[in-house]
Number of protein chains: 2
Amino acid sequence: MPTEAPTASRRRGELLERAILDAAWAEVLEVGYPKLTMEAVAARAQTSKPVIYRRWRTRAALVLAAMQHSLPGWDDLPDTGSLRSDLIALLQRVAHRFDLVPGDLIPGLITETFSDPESAAAVRAQITSFARARILRPVLQRAVARGEITTTEISPRLARLPFDLMRNESMIYGMPVSDAAIAEIIDEVVLPVLAATPRES
Amino acid sequence: MPTEAPTASRRRGELLERAILDAAWAEVLEVGYPKLTMEAVAARAQTSKPVIYRRWRTRAALVLAAMQHSLPGWDDLPDTGSLRSDLIALLQRVAHRFDLVPGDLIPGLITETFSDPESAAAVRAQITSFARARILRPVLQRAVARGEITTTEISPRLARLPFDLMRNESMIYGMPVSDAAIAEIIDEVVLPVLAATPRES
DNA sequence: CTCATTGGATACGTATCGTTTCTTACGGAG
DNA sequence: CTCCGTAAGAAACGATACGTATCCAATGAG
């Protein structure tokens with residue numbers, strides 16, 4: 001009787017890959033990004049360093065893949081009755097998503113990919129994935145239908161604005177973005193600028 | 001005749017401290033934050049590791065001190081004639097200040113101080129030093145005098161807004177913030193929200 | 001059944017860590 | 001001018017993780 005399951009059989013392909021990504025994500029959650037080592041990931045996944053290095057050339061690439069593998073997708077937001085409450089619900093959902101990611105991970109990835117434009121772009125794409133998720137769009141459409149605003153055609157900058165402010169808040173303070181901060185962002189910045197902008201004559 | 005000046009004499013106190021901070025800053029500029037090693041700093045400063053560790057317990061503390069030691073202060077902004085051009089000038093100055101700091105440094109410091117609240121707060125204080133510098137205040141005062149806005153009494157959130165957006169831009173893209181981005185920030189966000197906000201009755 | 005592929009174990013040399021030990025230069029007190 | 005406490009500086013420590021090379025065996029395709 002072996003004291004520990006000696007790796008029932010030798011894994012390959014998808015199965016092995018998922019095991020490594022799961023191990024990497026578990027390591028990030030447990031020890032944080034700066035203390036994550038390839039050796040620890042290999043040990044946790046019950047494999048060896050070369051197997052990992054064959055697939056991901058750097059720690060950053062591995063962890064980015066692990067993050068994409070582990071984070072859930074975006075569900076639709078229910079209609080909460082007003083633009084303001086829709087926005088609150090949206091940003092609270094963003095905040096909850098941030099909570100799934102250790103606070104040192106995003107800045108860590110930015111730092112380590114800084115001198116490699118390709119990986120830096122990959123990190124940036126992940127960070128700004130809100131844009132691709134088109135998560136703001138339905139909120140604006142409902143607001144137009146209610147007559148609260150006049151158009152969904154806002155500039156890219158404006159569409160980014162709430163998310164940029166959330167990301168900034170999260171990175172700077174390194175803790176969950178509070179409901180109070182969300183309310184500030186919406187009431188003092190987002191709603192005023194949405195109200196002011198599409199006023200054509 | 002010695003091939004290299006063998007450290008003319010043994011330095012102490014202020015002089016030594018400045019030499020170390022200068023060496024640390026030079027290293028950051030040369031190799032970037034992730035590749036900066038205490039040994040390299042010691043070598044460049046012509047001293048030894050224990051001397052550094054006696055003063056700063058971590059790499060992050062050393063580099064933060066080096067940054068504070070090396071960055072210039074804030075000069076007053078000349079009156080450029082309008083709120084918009086004043087804001088443009090202000091954010092361009094912020095952008096130039098960002099250019100003095102390698103793009104991987106701030107996220108690197110955030111990452112490494114993440115699990116030590118005290119150092120994290122020190123980093124945060126440095127990052128948000130715009131607030132303490134009260135650099136926005138005179139711009140608003142002049143705008144009030146011109147009749148462009150009605151009050152300088154804006155909320156802390158609004159006072160942070162331009163800087164938060166600049167910082168976000170800089171961290172995400174890891175390159176100098178373009179004049180186009182500055183113009184977007186001002187024309188699509190800051191000015192509209194300033195115009196919309198202090199409208200009482 | 002055979003064989004090319006690739007997982008997995010191991011070990012290598014290197015780099016840097018943070019600390020310890022020891023010597024010696026400096027500079028203030030008397 | 002001398003003495004002596006303080007701190008600089010050199011060297012070496014064990015530890016850890018790096019990224020790579022080598023080797024063997026399990027696997028699955030044909």
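Labels below follow one simple rule: chain letters A, B, ... track the order of the sequence lines, proteins then strands, and each chain is numbered from 1.
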_For B/Ser119 and B/Thr113: C-alpha separation, side-chain torsions, deciding distance, then whether side-chain hydrogen bond (donor to acceptor under 3.5 Å, both in side chains) applies._
CA-CA 6 Å; B/Ser119 4; B/Thr113 60; 5.7 Å; no

*Can a salt bridge be assigned to the pair A/Glu169 and B/Arg160 using a cut-off of 4.0 Å between side-chain N and carboxylate O?*
yes

*Determine, for B/Arg59 against B/Glu27, whether the closest basic-nitrogen to carboxylate-oxygen distance falls under 4.0 angstrom.*
no

*For A/Ala45 and for B/Glu39, locate the closest nucleotide of DNA chain C by heavy-atom distance; then report the residue assigned to the nucleotide nearer the 5' terminus.*
A/Ala45

*Do the charged groups of B/Arg157 and A/Glu184 touch, with an N to O distance under 4.0 Å?*
yes

*asked:* Without decimals, in angstroms, what is the distance between B/Leu36 CG and C/dA15 P?
replied: 17 Å

*For A/Glu27 and D/dA17, give me the distance from atom CD to atom P, rounded to whole Å.*
10 Å

*Going by number, which of residues 49-61 of chain B have a non-hydrogen atom under 4.0 Å from DNA chain C?*
B/Lys49, B/Pro50, B/Tyr53

_Protein-nucleotide distance (A/Arg11, atom CZ; C/dT5, atom C1'), rounded to Å_ = 18 Å

*Measure the distance from CE on A/Met38 to C1' on C/dG8 and round it to the nearest whole Å.*
16 Å

*Would you kindly give the CG-to-C1' distance between B/Leu62 and C/dC17, to the nearest whole Å?*
15 Å

*Measure from CG on B/Leu15 to P on D/dG9 and round the result to the nearest Å.*
10 Å

Contact list (N/O, under 3.5 angstrom) for nucleotides 24-26 of chain D vs protein:
from	atom 1	to	atom 2	distance (Å)
D/dA25	N3	A/Arg10	NH1	3.2

*Quick one: which of D/dA17, C/dT16, D/dG9 gets closest to the side chain of A/Thr37?*
D/dA17

*Does A/Phe130 have A/Arg97 sitting over its ring (NZ/CZ under 6.0 Å from centre, angle to axis within 45°)?*
no

*Just checking, B/Arg93 and B/Trp74: is the charged tip under 6.0 Å from the six-membered ring centre and within 45° of the axis?*
no

*With B/Val123 as reference, evaluate B/Ile106, B/Leu64, B/Asp116 under the side-chain contact (heavy atoms from CB on, under 4.5 Å) test and give the passing residue.*
B/Leu64

*Provide, to the nearest angstrom, the distance between the CD atom belonging to A/Glu112 and the P atom belonging to D/dC18.*
10 Å

*asked:* Less than 6.0 angstrom from the centroid, inside 45 degrees of the normal: does A/Arg167 satisfy that with respect to the ring of A/Phe98?
replied: no

*Pick one: which of A/Val101, A/Thr111, A/Leu105 meets side-chain contact (heavy atoms from CB on, under 4.5 Å) with A/Tyr33?*
A/Leu105

*Using a cut-off of less than 4.0 Å, is there contact between a side-chain N or O of A/Thr47 and OP1 or OP2 of C/dG8?*
yes

